[in-house]
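Contents: one structure, followed by commentary.
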Amino acid sequence: MSHRYKCILLFGAPGSGKGTQGKILGQVPGFFHLACGDVFRSLDLASPLGKKFMTHSSKGELVPDELTVEMWQQNMKAQVALSIFKPAQDLLVLDGIPRTVSQAKALQNYIDVLAVLHLICPDQKEMVRRMRRRALKENRLDDADEKVIHHRFDVYRNETEPVLSYYPANIIHEVPATESPSMVLMSVLDLVAPIQDHHFKNPLTL
Ligand code: ADP
């Protein structure tokens with residue numbers, strides 16, 4: 001199964017900071033960050049898939065599994081074909097996928113999950129505040145409406161949290177995510193830097 005992409009998963013409720021940490025990690029040589037939500041948002045919203053994404057995300061619902069996995073596979077293939085993601089050199093950092101147990105099963109043949117970083121922010125009000133700020137900055141419909149935000153938390157609890165039990169407990173790491181991005185980053189790097197170092201050569205000396 002050596003053809004599977006070695007990867008770590010950034011896991012956590014909406015607003016827990018997965019995207020913030022993922023984007024920073026993606027800047028570090030030897031890491032490649034892919035956020036499923038970003039891939040959806042980059043679609044042509046007039047295309048059939050783009051329309052489907054808008055219909056679901058604007059209500060705070062997940063896009064159906066089959067479509068999501070298909071889109072993810074196509075995107076990964078393209079990133080590899082264009083040598084943007086180099087599986088032999090880069091540790092893949094996935095954010096926002098898998099978001100259901102069925103997605104986790106579908107991805108099993110493609111990814112070798114070395115660690116799951118569960119970003120924990122016990123203060124739901126703080127997460128909502130972060131999302132509302134993001135809505136203003138990034139023009140995100142799914143973050144603008146309080147009802148939609150609360151529905152996303154329900155969907156997270158019902159459909160996404162069970163994904164944690166799909167992976168062995170010894171690869172799941174809880175990361176306190178209430179502090180500033182740089183403090184959270186210290187905990188994230190503490191966990192992922194040794195994994196990257198163990199599995200890949202120094203990307204700057206290749
Ligand atoms: P957040 O960072 O707040 O968790 P994302 O940007 O990851 O939000 O996702 C935004 C929306 O995109 C989700 O609410 C959902 O509608 C859709 N989406 C993203 N990833 C997935 C996925 N793996 N499966 C289904 N839908 C997804």
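Not measured: the values here are computed from a predicted model. If you read the sequence from its start, that first residue is 1, and numbering goes on from there. Atoms within each ligand, like the ligands themselves, are counted from 1 in listed order.
Of the protein's heavy atoms, Asp142 OD2, 3.9 Å lies nearest to atom 11 (C) of ligand 1. Among protein heavy atoms, the minimum distance from atom 1 (P) of ligand 1 is reached at Arg152 NH2, 3.2 Å. The nearest heavy-atom contact from the protein to atom 24 (N) of ligand 1 is Gln103 NE2, 2.8 Å. Summary of contacts: the protein heavy atom closest to atom 27 (C) of ligand 1 is Phe40 CE1, 3.5 Å.
For ligand 1, the atoms closer than 4.0 angstrom to any heavy atom of Arg41 are 6 (O), 10 (C). Residue Gly96 has at least one heavy-atom neighbour below 4.0 Å for each of these atoms of ligand 1: 20 (N), 21 (C), 22 (C), 23 (N). Contact atoms of ligand 1 toward Glu61: 15 (C), 16 (O) (distance under 4.0 Å to a heavy atom of the residue). Atom numbering of ligand 1 starts at 1 in the shown order; those under 4.0 Å from a heavy atom of Cys36 are 20 (N), 21 (C), 23 (N).
Linking ILVMFWY side-chain heavy atoms closer than 4.5 Å, directly or via other members, places Leu25 and Phe200 in a single hydrophobic cluster. Both Val101 and Ile171 are assigned to one and the same hydrophobic cluster, defined by single-linkage of ILVMFWY side chains at heavy-atom distances under 4.5 Å.
For Glu161, the CD atom is densely surrounded, since the number of other residues' heavy atoms within 6.0 Å is greater than 12.
Of the listed options Phe53, Trp72, Tyr156, Phe53 places a heavy atom closest to atom 17 (C) of ligand 1. Of the candidates Lys18, Met54, Arg99, the one placing a heavy atom closest to atom 7 (O) of ligand 1 is Arg99.
Ion pairing between Lys18 and Asp95 fails under the 4.0 Å rule for side-chain N and carboxylate O. In summary, Arg152 and Glu61 do not engage in a salt bridge, as defined by a charged side-chain N under 4.0 Å from a carboxylate O.
Remark: aromatic rings of Tyr5 and Phe32 are distant, center separation not under 6.0 Å.
Inclusion of Asp95 in the set of residues having an N or O under 3.5 Å from an N or O of ligand 1 is not warranted. Backbone and side-chain nitrogen or oxygen atoms of Val63 are examined, and one is located within less than 3.5 angstrom of a nitrogen or oxygen of ligand 1. Among the atoms of Gly60, none of the N or O lies under 3.5 angstrom from an N or O of ligand 1. For a threshold of 3.5 Å applied to N or O pairs, the pair formed by Arg134 and ligand 1 contains at least one separation below that value.
With Ser16 contributing its side chain and Ile120 its backbone, the two residues share no donor-acceptor pair below 3.5 Å.
For residues 96-129, the set of pairs meeting the ring pair (Phe, Tyr, Trp, His ring centres under 6.0 Å) definition, not counting sequence neighbours, comprises Phe11-His118.
Contacts between Leu62 and ligand 1, counted as non-hydrogen atom pairs separated by less than 4.0 Å, involve both the backbone and the side chain.
With a 4.5 Å cut-off on side-chain heavy atoms, Phe31 and Pro29 do not count as touching.
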Pair Leu91-His199, side-chain contact (heavy atoms from CB on, under 4.5 Å): steps then yes or no: CA-CA 8 Å; Leu91 178 61; His199 289 275; 6.0 Å; no
